[in-house]
Amino acid sequence: MDVGFIGLGVMGQPMALRLAASGTPLVVWNRTPERAEPLRAAGARVAADAAEVFARAGTVLLMLADEAAVDTVLGRGTPDFAARVAARVVVHMGTTSPEYSHALQTDVRAAGGQYVEAPVSGSRVPAEEGRLVAMLAGDESAVQAVRPLLAPLCRETFVCGAAPDALLMKLSVNLFLITVVTGLSEAFHFAERQGLDRRLFLDVLDAGPMASGVSRMKAPKLRERDFGVQAAALDVLKNNRLIAEAARRAGLASPLLDACHALFEETVALGHGGEDMVAVLRALEARTAATAP
């Protein structure tokens, strides 16, 4: 049977294109039809609706924005749910709360399907280049079947055990990412407002021990004020909230995350939620302007 892919957004479209280019027999669907046209050109079958994807595919990858979108596509809570997931492997690749994923796994299993959590670390460019990092959890046999399927998308895949441990791993990684990019943006803002040469500052950073793949991806965007989306500020805010909720449930302090949460809320409130996460710079600039004499 074909492999299904539903959700052709900023991340999903390049991921699906890499699968199509690898020769994976692919059937795709997206709520906005024009997002599927590059997949049609790449040789994938474009389904008329989500139900057709499940009818044709034995394994269905979901790269959807939130829990409501996943439930809608699966027909969860309706008679369509069992018909769609029975004898299928449902691969949940988006970022949702761990509690939601655990409950979804229970429902999929009860309907006769198998379930895999497979969130990925990386943004649009790594998705285009097949350099994502996947974290897998769920039904062991399904995890082992899905892992090689993700090879065209990922430079590494890690098996994390039982669900929702893959999502908890993803949230842990994202906590580090959010604080690092916010710190980089604040350092850039500090250097710029001190009158330093922006390019020289970033060159010094890149030559030292603080350089990383993240800094090398985000530093040019800060220098050029390029806010074209790789990972949208609104999505970062959603991830921030998920991590904060998980921390509160576990009784964990998260002071750096809480500071980032406030800054990304301000970024979104300023109208920059659709821009790249380095647009947090705009919130920093707004705070500076508010304190100016």
Side-chain angles (χ1 to χ4, degrees), residues 1-66 69-76 80-81 83-96 104 108 111-139 141-157 159 166:
M1 298 181 73
D2 290 344
V3 172
F5 199 109
I6 299 177
L8 303 173
V10 171
M11 293 288 290
Q13 188 187 75
M15 291 165 66
L17 284 169
R18 288 196 63 86
L19 285 174
S22 74
T24 302
L26 205 60
V27 54
V28 305
W29 181 78
N30 192 72
R31 184 180 60 179
T32 308
E34 56 265 25
R35 296 288 300 176
E37 289 309 309
L39 273 300
R40 192 192 304 277
R45 180 190 297 271
V46 177
D49 52 26
E52 183 183 344
V53 175
F54 286 95
R56 291 185 175 277
T59 298
V60 180
L61 281 59
L62 306 176
M63 191 61 177
L64 296 163
D66 53 32
V70 174
D71 284 349
T72 298
V73 160
L74 292 174
R76 196 171 177 212
D80 293 334
F81 179 74
R84 292 186 185 183
V85 307
R88 303 290 187 274
V89 178
V90 176
V91 185
H92 172 35
M93 302 193 73
T95 305
T96 60
L104 178 59
V108 169
Q114 290 184 291
Y115 182 78
V116 176
E117 267 181 3
V120 293
S121 182
S123 56
R124 178 180 54 81
V125 172
E128 292 172 344
E129 297 175 351
R131 294 188 292 106
L132 298 171
V133 175
M135 293 143 276
L136 286 76
D139 296 311
S141 62
V143 166
Q144 294 306 319
V146 167
R147 196 176 189 184
L149 178 63
L150 301 183
L153 313 179
C154 302
R155 62 181 178 85
E156 293 278 0
T157 58
V159 177

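Smallest separation of non-hydrogen atoms from G4 and A57: N-CB, 3.3 Å. Of all heavy-atom pairs spanning T96 and D66, the tightest one is CG2-C, 4.3 Å.
Put simply, the side chain of N30 gets close to the backbone of T32: a donor and an acceptor are under 3.5 Å apart. For R88 (side chain) and F54 (main-chain N/O), a donor-acceptor pair under 3.5 Å exists by modelled atom type. With hydrogens and angles disregarded, no donor-acceptor distance shorter than 3.5 Å links the side chain of Q114 to the backbone of D139.
With sequence neighbours excluded, the residues forming a side-chain hydrogen bond (donor to acceptor under 3.5 Å, both in side chains) with T24 are S22, listed by chain and number. Taking the salt bridge (Lys or Arg N to Asp or Glu O under 4.0 Å) definition, one finds that R155 meets it with nothing, sequence neighbours left out. Scored by the salt bridge (Lys or Arg N to Asp or Glu O under 4.0 Å) test, E52 finds R56 as partners (sequence neighbours excluded). For the salt bridge (Lys or Arg N to Asp or Glu O under 4.0 Å) test, residues two or more places apart in sequence or in another chain that qualify with D71 are R76. Every residue was checked against the side-chain hydrogen bond (donor to acceptor under 3.5 Å, both in side chains) condition with S123, not counting sequence neighbours, and none meets it. Take A50 and apply the side-chain contact (heavy atoms from CB on, under 4.5 Å) test, not counting sequence neighbours, and it matches I6, W29, V73, R84. Scanning for side-chain contact (heavy atoms from CB on, under 4.5 Å) contacts around E37 gives R40, with sequence neighbours left out.
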Under 3.5 Å, which donor-acceptor pairs do the side chains of residues 9-20 form with other protein atoms, sequence neighbours left out?
residue: Q13; atom: NE2; partner: R35; partner atom: O; Å: 3.0
residue: R18; atom: NE; partner: P152; partner atom: O; Å: 2.6
residue: R18; atom: NH1; partner: E128; partner atom: O; Å: 3.2
residue: R18; atom: NH2; partner: P152; partner atom: O; Å: 3.3

Expected list for residues 142-151: side-chain donor-acceptor pairs under 3.5 angstrom, two or more places apart:
residue: R147; atom: NE; partner: T157; partner atom: OG1; Å: 2.8
residue: R147; atom: NH2; partner: T157; partner atom: O; Å: 2.8

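Considering only heavy atoms from C-beta on, L64 stays 4.5 Å or farther from T72 through its side chain. You'll find the side chain of V60 stays beyond 4.5 Å of the side chain of V90, heavy atoms only.
The side chain to side chain contact (heavy atoms under 4.5 Å, CB included) test with V3 singles out one residue from V27, V28, L61, and that residue is L61.
Note that the CE atom of M93 and the CG atom of L132 stand 7.5 Å from one another [nearest 0.5 Å]. Here D2 contributes atom CG and T59 contributes atom OG1; the two are 10.5 Å apart, rounded to the nearest 0.5 Å.
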